[in-house]
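A short write-up of the structure that comes next.
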Amino acid sequence: MAKDYLIEAFVRLRQKLKGISMRVLSDADGAEDILQDSFVRLWRRQYPLHSEQEAEALLARTVRNASLNERRRKRAVPLETDIADDPPDAADRENAYAEMHRKIESELTRTQRYILEEKEYGGRTLEDIAKELGMEPAAVRMQLSRARKTLKNALNDDR
């Protein structure tokens, strides 16, 4: 029954779903690939769908997220091949560490610093950190994301 809802919704909404993917990717072939991959992924998972409306929502969300993931993947910039002949010496590494530490201290809130330190250096899960701070895991994830973005922007501003 759930597969019937999925098939009916996919056939009926195929062009709209492709439009969603096209708006994100601006690539007709890529959008078609995303459409097919999304359908196959949902078909294999066998979600318990109770109506065609549920199938529509699931298809639209899956196509949109897959398209966004594909766009992010394509945007990934390869590392520059301009690598120095000599590896950085201890003083260079120490200076880079000190600069990063200054950025962490000056750019992040106390909560963001704590979450970043516990997650990246303490190896703790977001759920454990959330429990300790009395926050929802989603809020901790958001703070970690903001902290990383802030540091990235601060480091890019220096370049």
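Computation of the quantities below employed the complete heavy-atom set of this structure, encompassing side-chain atoms and omitting hydrogens, waters and symmetry-equivalent molecules. Residue numbers start at 1 and run along the sequence shown. Here the structure is a predicted model, which is why all the values come from computation and not from measurement.
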Query raised in the report: Just by modelled atom types, is the I115 backbone N or O under 3.5 Å from a matching donor or acceptor in the E118 side chain?
Result: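 Answer holds: no.
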Query - Under 3.5 Å: donor-acceptor pair, side chain of E107, backbone of K103 - result: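 No.
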Report task. Please report the C-alpha distance between F39 and L6 in whole Å, then the side-chain angles of each, then the deciding distance to 0.1 Å, and finally whether the side chain to side chain contact (heavy atoms under 4.5 Å, CB included) criterion is met. Result -> CA-CA 8 Å; F39 179 77; L6 187 64; 3.9 Å; yes
Are the side chains of [X] and [Y] in touch, meaning some heavy atoms are under 4.5 Å apart?
| X | Y | result |
| --- | --- | --- |
| I7 | W43 | yes |
| D4 | E8 | yes |
| K18 | E32 | yes |
| E105 | H101 | yes |
| L133 | Y114 | yes |
| D27 | D33 | no |
| E56 | L59 | no |

For the hydrophobic clusters of this structure (ILVMFWY residues joined by side-chain heavy atoms under 4.5 Å, transitively), does one cluster hold both [X] and [Y]?
| X | Y | result |
| --- | --- | --- |
| M142 | M135 | no |
| L42 | V11 | yes |
| L151 | V140 | yes |

Nearest 0.5 angstrom please: [X] [atom1] to [Y] [atom2], how far?
| X | Y | atom1 | atom2 | answer |
| --- | --- | --- | --- | --- |
| L108 | Q143 | CG | CD | 10.0 Å |
| K74 | S26 | NZ | OG | 9.5 Å |
| S106 | R113 | OG | CZ | 9.0 Å |
| L68 | S21 | CG | OG | 9.0 Å |

Query raised in the report: Salt bridge between R73 and E70, side-chain N to carboxylate O under 4.0 Å?
Result: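 Looking at E70 together with R73, the answer is yes, because their closest N to O distance falls below 4.0 Å.
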Query - Check ion pair E136-R141 (N to O, under 4.0 angstrom) - result: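 Here E136 does not pair with R141 in a salt bridge, since their nearest N and O are not under 4.0 Å apart.
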State, to 0.1 Å, how close [X] and [Y] come at their nearest heavy-atom pair, and which atoms those are.
| X | Y | value |
| --- | --- | --- |
| R41 | T62 | NH1-CG2, 3.8 Å |
| Y5 | A55 | O-CB, 3.6 Å |
| I34 | S67 | CG2-OG, 3.5 Å |

Query raised in the report: Going through the checks in order, is the salt bridge (charged side-chain N to carboxylate O under 4.0 Å, His left out) test met by R102 and E99?
Result: CA-CA 5 Å; R102 278 192 296 277; E99 180 61 25; 2.7 Å; yes
Query raised in the report: What do you reckon, is CD of E127 surrounded by more than 12 foreign heavy atoms closer than 6.0 Å?
Result: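 Yes, the 6.0 Å shell around CD holds more than 12 heavy atoms from other groups.
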Query - Over 12 non-hydrogen atoms of neighbours within 6.0 angstrom of CZ in R45 - result: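 Not buried by this count: 12 neighbours or fewer within 6.0 Å.
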Query raised in the report: Does a side chain donor of either T125 or D128 reach within less than 3.5 Å of an acceptor in the other side chain?
Result: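 A donor-acceptor contact under 3.5 Å links the two side chains.
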**Report entry** From CA spacing to verdict: side chain to side chain contact (heavy atoms under 4.5 Å, CB included), L13, K16
**Finding:** CA-CA 5 Å; L13 295 175; K16 286 184 182 181; 3.9 Å; yes
